[in-house]
Every structure is written in structure tokens, then in C-alpha cells.
Amino acid sequence: MLNVFKKHGVTACAVLSLAAMAAPAHAGKTLDAIKARGQLVCGVSSGVAGFSQADSAGKWSGLDVDICRAIAASVLGDANKVKWVPLVSQQRFAALQSGEIDILSRNTSWTLTRDASLGLVFTGTTYYDGQGFMVPAKSKVKSAKQLKNATVCVQSGTTTEKNLSEFSRINNLSLKPVVFEKFDAANAAYFSGRCQAYTTDASGLASIRNKEAKTPAEHVVLPELISKEPLSPAVRRGDDEFFAIAKWVVFGLIEAEEYGVTQANVDALQKDSKDPNIGRLLGTTEDTGKLLGLDKDWLARAVKASGNYGEIFERNVGPKSPLGLPRGSNKLWSQGGLMYAPPVR
């Protein structure tokens, strides 16, 4: 048989590689544990409106929440089979490293240090953000560079704290950080007037203003962004199978938006669409799920649970949501944004 392959210019290694490519994925230990307990354990923030917060009845919502719900739908067939673990900044990485949670989906910036040294891997950007400043409108401050000698509320254990120090030093502003472990304490300090400004991701500032300010219009988010903050879920390093599932669910939600697959039409398209791209996404012409250790309907269930990426964005943080954030850099690449997914094929 080897002679036949050589005759056609195909090596044995190539044949074995092709065979391996076609083989179904083996379940990893994280996926096994999730299926055994019947629940995905998702680490979220302790309350950032639009990203992850619980209402008075304990029901969680937000962009980060919807990512976990989509993964649960793909893996377990039910978006509600999620245990939510709220974490402050200082707890989040240890919780993932120790196995307390399966995935961290908690407005966390993807950086080299975190990616290379904490025993975790980031699955793909779900929100392109940047660090900004909020000030009282009555201060008349129009630029962060006008904040010389100002006190600034900031949360500890974040990239925000280091960025603030560097921005102050580079611009000779002598900013005075007032550091808090928890969001609630930082929020209370700013709105009580203890700090002249508040700094965190711009999306977080919009969330805090909407949720905490008695009159949101009395507070202004300044126009400068002083850093890049690509927010991404993360999973433990070393479990390639679950890493593949987590990242491809995110990519699949982005591709679903590209091809017009929505929460409302996914059933109809799965039944009637003749578009080969949609067929691949929804498992009607190709079974991509077997390469992830899932079934062919994995992505259809994710879209049905949370909607495509655009729907998730609009519902939680978009212009018609309470946060009212523009799509901006988070538009699809075909619309001038940065959201670009490798193809599901």
C-alpha cells in the first residue's frame, strides 16, 4: 500500500496526518468533569452591568454571562446548566488555576504576562476595550491630561492600576491613586467625592455610571483611552480539548452574525437553508462537532441560547441597552471593526 501512496506523491506521514485530522476529538478532563457534574462552572465579576451581574432574584445577565450560557448549551444541551461564581479581581486567576471554576468569563484583559505565566490561555476577544477616566461634569475637565495632582479611584490587582501609574509618570501628572479591592468600595468612594476621578475600562465606567450614579448625566467619561484592553474568557492551560471548545463557540457566534444566523431564525435555517456556509455552522451538511468532541448541533444550540455575537452585544451593552455603548471596534471586520473569526469549516 505504501508503494501506491509513493506513486502518487503522498508520504506515509501525510496519510497519517490526514487520518488524524479526520478523527473525532478525545474528551479532555475538563469536559469529562463538566458532563459528570451536569454543570459548567463559570467565574464572573461580582457585578458589572452589561457584562455580568445578578438581579434581585439571582438571575445573571450580561455579555460575559451569555458566552458561558452558549458554551453550556453546546456542551450540555442546556444553557441554564451553569453555576455562577462571582469573583473579585484578586481571586479570579487563582480560582481558575485551582479548578474551582471551568472558565473565567469576567471582563479580563488578555496580556502577555497573564497568557504566559499564570497557567491559563485566553480563548478569543469578546470585547475590544480601553482604559478611560470618569469625572463629575461640574469639574469642567475635558481631558485626562487636565487631572494633574488629582486623586483617582482605582481597583487593585488589575492592569488598570499599573496603566494609571504609567500614564501619570509619562505625562508628569502626579496622580494620586486611591486603591480599593472591590468595585463596590471604589464606586462608593468616587460618588461620595473622595476621588476626583475614577479609572477602569471605558465599558466599566459606562456600566458604573448607569448603575450607581443618582443622575448619570452628572458624570462624564473622558474621550481618551490610555491602553488596549482586549477582554477575553480564559481556561486552564493543558486541556487542549476544552480550550478548543471554548474558543470555537466564541468564533462560531461571530461567524453566525456574519451569515445572518440569529436566535429567531436558527431553527428555520437549520431546516431549509441551502447555503453551504450555514450548513457547516448548523451541522446540516458537515459535522464539525465531532472534531470538538461534541455533536453536530453544538453551534445551533449556542446561537439558540444566546443569539449571535451581534445580538449578544446589542442586548447587553449596545446603543439600545441601558449602557448605550457604540459598536465601534467591536463591529464585524466586514463592517470596519475588529471582530474576525477563523472559518468554521
Side-chain angles (χ1 to χ4, degrees), residues 44-45 47-53 61-67 70 105-110 124-137 139 141-147 158-160 163 167 183 187 190 197-213 215-233 250-251 253-264 303 306-341:
V44 290
S45 74
V48 177
F51 288 86
S52 52
Q53 66 174 350
S61 64
L63 189 152
D64 291 335
V65 166
D66 280 343
I67 297 300
S105 187
R106 187 207 175 279
N107 55 301
T108 296
S109 299
W110 184 350
T125 302
T126 53
Y127 190 93
Y128 288 96
D129 209 346
Q131 184 173 332
F133 292 85
M134 180 165 64
V135 297
S139 71
V141 171
K142 302 297 182 185
S143 165
K145 292 181 180 179
Q146 294 176 283
L147 291 171
T158 62
T159 56
T160 311
N163 292 340
F167 177 74
F183 269 118
N187 297 346
Y190 170 74
Y198 194 148
T199 187
T200 188
D201 296 344
S203 62
L205 293 173
S207 171
I208 292 162
R209 179 175 61 178
N210 173 265
K211 181 181 176 183
E212 304 291 342
T215 308
E218 292 180 354
H219 301 271
V220 176
V221 178
L222 299 176
E224 295 104 328
L225 295 179
I226 67 169
S227 69
K228 294 183 292 185
E229 305 294 338
L231 307 184
S232 170
V250 172
F251 292 151
L253 296 175
I254 296 170
E255 273 232 315
E257 181 182 6
E258 284 194 55
Y259 290 110
V261 181
T262 69
Q263 202 168 26
V303 175
S306 296
N308 64 40
Y309 176 78
E311 291 178 289
I312 292 171
F313 185 98
E314 293 302 327
R315 177 171 62 248
N316 293 300
V317 300
K320 294 181 181 179
S321 76
L323 261 63
L325 296 173
R327 187 78 186 261
S329 296
N330 295 291
K331 291 179 181 177
L332 293 177
W333 65 279
S334 55
Q335 299 169 2
L338 297 176
M339 279 296 166
Y340 183 105

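The shown structure was predicted, so the numbers you read here are calculated from the model rather than taken from an experiment.
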Requested in this report: Using a 4.5 Å cut-off on heavy atoms from C-beta on, say whether the side chain of Q53 contacts that of S61.
Outcome: yes

Query - Side chain proximity check, R315 to K320, heavy atoms < 4.5 angstrom - result: no

Query raised in the report: Between Y198 and H219, does the ring centroid distance fall short of 6.0 Å?
Result: no

Query raised in the report: Which heavy atom of A217 sits nearest a heavy atom of A137, and at what distance?
Result: O-CB, 4.0 Å

Query - For the student: nearest non-hydrogen atoms of K211 and G47, plus distance - result: NZ-O, 3.5 Å

**Report entry** Among T108, T126, T125, side-chain contact (heavy atoms from CB on, under 4.5 Å) partner for P233
**Finding:** T126

Report summary line: When rounded to the nearest 0.5 Å, the distance separating CG of L222 from CE of M134 is 10.0 Å

Query raised in the report: Measuring from T200:OG1 to F183:CZ, what's the distance to the nearest 0.5 Å?
Result: 4.5 Å

Report task. Over all heavy atoms of both residues, which pair between I254 and M339 is shortest? Give the atoms and the distance, please. Result -> CD1-SD, 3.7 Å

Requested in this report: Kindly give the heavy-atom pair with the smallest separation between S306 and A70, and that separation in Å.
Outcome: OG-N, 3.6 Å

Query raised in the report: Below 4.5 Å, heavy atoms only, C-beta onward: do T262 and V303 meet side chain to side chain?
Result: no

Query raised in the report: Is the ring centre of F133 less than 6.0 Å from the ring centre of F167?
Result: yes

Report task. Supply the atom-to-atom distance L325 CG to N330 CG, rounded to the nearest 0.5 angstrom. Result -> 9.0 Å

Query raised in the report: When you check the gap from the basic side-chain N to the acidic O, do R327 and E257 get nearer than 4.0 Å?
Result: yes

Requested in this report: Would you kindly say whether E258 and S334 are connected by a side-chain donor-acceptor distance under 3.5 Å?
Outcome: no

**Report entry** Any donor-acceptor N/O pair, E311 side chain to N308 backbone, under 3.5 Å
**Finding:** yes

Query raised in the report: Is there a donor-acceptor pair closer than 3.5 Å between any side-chain N or O of S105 and the backbone N or O of V44?
Result: no

Query - Pairwise side-chain contact, F51 with L231, heavy-atom cut-off 4.5 Å (strictly under) - result: yes

Requested in this report: Nearest 0.5 Å please: distance from the CZ atom of F313 over to the CG atom of L63.
Outcome: 8.0 Å

Query raised in the report: Going through the distances and angles, do D201 and N107 end up as a side-chain hydrogen bond (donor to acceptor under 3.5 Å, both in side chains)?
Result: CA-CA 9 Å; D201 296 344; N107 55 301; 5.1 Å; no

Query raised in the report: Is there a donor-acceptor pair under 3.5 Å between the side chain of S52 and the backbone N or O of V65?
Result: no

Report task. For S232 and G124, indicate whether the former's side chain and the latter's backbone hold a donor-acceptor pair under 3.5 Å. Result -> yes

Report summary line: side-chain contact (heavy atoms from CB on, under 4.5 Å) filter on A202, not counting sequence neighbours, yields D129, L225

Report task. Measure the NZ-CH2 distance between K228 and W110 for me, rounded to the nearest 0.5 Å. Result -> 12.5 Å

Query - Distance (rounded to the nearest 0.5 Å) between I208 CD1 and N187 CG - result: 4.5 Å

Requested in this report: Indicate whether any N or O donor in one side chain lies under 3.5 Å from an N or O acceptor in the other, for S143 and E224.
Outcome: yes

**Report entry** Polar side-chain atom of S45 near backbone of V48 as donor-acceptor pair, under 3.5 Å
**Finding:** yes

**Report entry** Under 3.5 Å donor-acceptor, N210 side chain and P322 backbone
**Finding:** yes

Requested in this report: Check whether any side-chain heavy atom of S139 sits under 4.5 Å from a side-chain heavy atom of Q146, and report yes or no.
Outcome: no

Query - Any residue meeting side-chain hydrogen bond (donor to acceptor under 3.5 Å, both in side chains) with Q335, in chain and number order, not counting sequence neighbours - result: none

Requested in this report: Mind checking side-chain contact (heavy atoms from CB on, under 4.5 Å) for T159 and listing every partner two or more places apart, or none if nothing turns up?
Outcome: S109, T111, R114, N163, E229

Report summary line: Smallest heavy-atom separation, V135 atom then A197 atom, equals CG1-CB, 3.8 Å

